[in-house]
Amino acid sequence: MAIAIGVAWGNAPSLREIASERFPMSQEGQTVRAHCPRCDGERNCLIRAEATNEEGNDIFEWTVKARIVSCAGCDYSFCMSVSDERTNYEYLDKEAGEYRNHPPDVAFLPPTIWRKTPVWLSVLTYTSEDKNLHLFGIMTEVYEALNARLDTLAAIGIRTSFEVVAEILGAPDINFQKKIRWLVDNKAGLLTSEEEAFRTLVEAGNAAAHRGWRPKPEVIDALMDLLEGLVRRDIVDDIIRVVEDAQNEHEASSRADRVVQHSPSIPRRVFRSNIVRLPLKADPPAGGDTPPDPDITGSPEG
């Protein structure tokens, strides 16, 4: 990411003067606001180390500030770069000394997560259904595009994901608008109240794919809310129910096996190896007294 600071012409300030004015030579030990990947929010961060690179050409000059910072909240260390750009309009036959400053561009490593992949999405991989695995792969790419702020590609991916969802729910191979109508009429996933919203989702994907439309972050979030709600409600929850039923059936079968295994009916070989042979009953002694009971607590005879 570059901090571009424009070319100096005539009486315009030099690159080094601009850099030292907008970016002090060193800010090590100072505090800066930055997005902490672990806290997932803006935090005060301590600058541990900093390096500066200056580059340029006939039209642009820029400075890149690379920093290692530590979050003051959780003490997590990460990298950030700050870039700024300044264009020399004199080179472009504009008024001499006219410059255009662009807002600083900030990037982080690890990159900022703008929308987390939901934990439940991995449930799609619990089955061997190719369509479920295909949907998992496409939606994973959508989240990667969102976190890279590739919102046009994300809008196209959302539309494609919906097409796969409709196929999983049994919709025939017809155009998008007819698929939505089919899903509503056949109660195959969409409610009547959701029909218009999903028509908007499809139109947004078409505009991004064919007319280069780039949705705003709040629009792309709304589209993702629609897609996630449908996938979770009508596909993932069904898979979870199937898995739970299979687990309950397995547990019931295991309990039945344990009951049989621990039943009082002990195999004959257990008796053979542990039975104590009793001595022969002795003749009663003179006087008619009953002989004492034999001792049956000893070891079995060999």
Side-chain angles (χ1 to χ4, degrees), residues 1-92 97-119 121 140-154 214-221 224:
M1 310 300 296
I3 302 181
I5 306 185
V7 175
W9 291 83
N11 296 324
S14 68
L15 171 63
R16 187 167 298 280
E17 290 172 338
I18 297 173
S20 49
E21 176 185 348
R22 304 189 68 176
F23 300 99
M25 295 307 294
S26 178
Q27 292 182 302
E28 291 184 25
Q30 298 185 25
T31 300
V32 65
R33 294 288 289 182
H35 186 98
C36 174
R38 177 179 289 173
C39 297
D40 194 21
E42 291 286 325
R43 298 293 185 270
N44 289 327
C45 298
L46 180 65
I47 301 176
R48 301 287 188 181
E50 183 178 81
T52 302
N53 292 319
E54 299 175 355
E55 299 181 52
N57 53 39
D58 289 340
I59 304 177
F60 305 102
E61 287 188 1
W62 57 89
T63 299
V64 180
K65 290 278 188 180
R67 295 167 174 164
I68 297 177
V69 300
S70 296
C71 176
C74 67
D75 202 34
Y76 182 75
S77 295
F78 56 97
C79 297
M80 66 178 293
S81 67
V82 184
S83 64
D84 196 4
E85 180 179 308
R86 203 161 181 269
T87 307
N88 175 29
Y89 271 77
E90 183 179 16
Y91 184 86
L92 302 176
E98 182 181 352
Y99 290 84
R100 179 181 177 185
N101 295 320
H102 299 273
D105 188 12
V106 181
F108 299 96
L109 187 68
T112 301
I113 303 299
W114 297 102
R115 190 174 185 110
K116 293 183 178 180
T117 303
V119 176
L121 190 69
T140 298
E141 292 183 8
V142 171
Y143 287 106
E144 292 175 355
L146 288 173
N147 290 324
R149 303 317 302 170
L150 305 175
D151 291 339
T152 299
L153 298 181
R214 187 184 184 193
K216 295 181 179 180
E218 56 270 21
V219 174
I220 205 76
D221 282 342
M224 281 302 298

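Residue numbers run from 1 in the order of the sequence given.
- When all heavy atoms are compared, the tightest approach of C71 to F78 is N-CE2, 4.4 Å.
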*Show your working on side-chain contact (heavy atoms from CB on, under 4.5 Å) between V142 and M224 and close with a plain yes or no.*
CA-CA 9 Å; V142 171; M224 281 302 298; 3.7 Å; yes

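- Using a 4.5 Å cut-off on side-chain heavy atoms (C-beta onward), P37 and Y76 make contact.
- You'll find the side chain of I113 stays beyond 4.5 Å of the side chain of Y143, heavy atoms only.
- C45 SG to R67 CZ: the interatomic distance, rounded to the nearest 0.5 Å, is 11.0 Å.
- Within the 4.5 Å cutoff, the side chain of N53 has no heavy atoms near those of the K65 side chain.
- Residues L46 and Q30 have side chains not in contact (no heavy-atom distance under 4.5 Å, counting atoms from C-beta outward).
- Every residue was checked against the side-chain hydrogen bond (donor to acceptor under 3.5 Å, both in side chains) condition with T152, not counting sequence neighbours, and none meets it.
- Contact of the C36 side chain with the C74 side chain is registered, since non-hydrogen atoms from C-beta on lie closer than 4.5 Å.
- Of the possible donor and acceptor atoms, one in the side chain of N147 sits under 3.5 Å from a partner among the backbone N and O of W114.
- Residues E144 and L150 are not in side-chain contact: their nearest non-hydrogen atoms beyond the backbone lie 4.5 Å or more apart.
- Residue R214 comes nearest to R149 through the heavy atom pair NH2-O, 3.0 Å, listed as atom of the first residue, atom of the second, then distance.
- Rounding to the nearest 0.5 Å places CG of L121 at 5.5 Å from OG1 of T140.
- R48 is not listed as a side-chain neighbour of V69, based on a closest heavy-atom distance of 4.5 Å or more.
- Nearest heavy atoms, D151 versus I220: O-CD1, 3.7 Å.
- Between L153 and E141, every side-chain heavy-atom pair lies at or beyond the 4.5 Å cut-off.
- With sequence neighbours excluded, the residues that form a side chain to side chain contact (heavy atoms under 4.5 Å, CB included) with D221 are R115.
- Here the CD-OG distance, from E50 to S81, works out to 11.5 Å after rounding to the nearest 0.5 Å.
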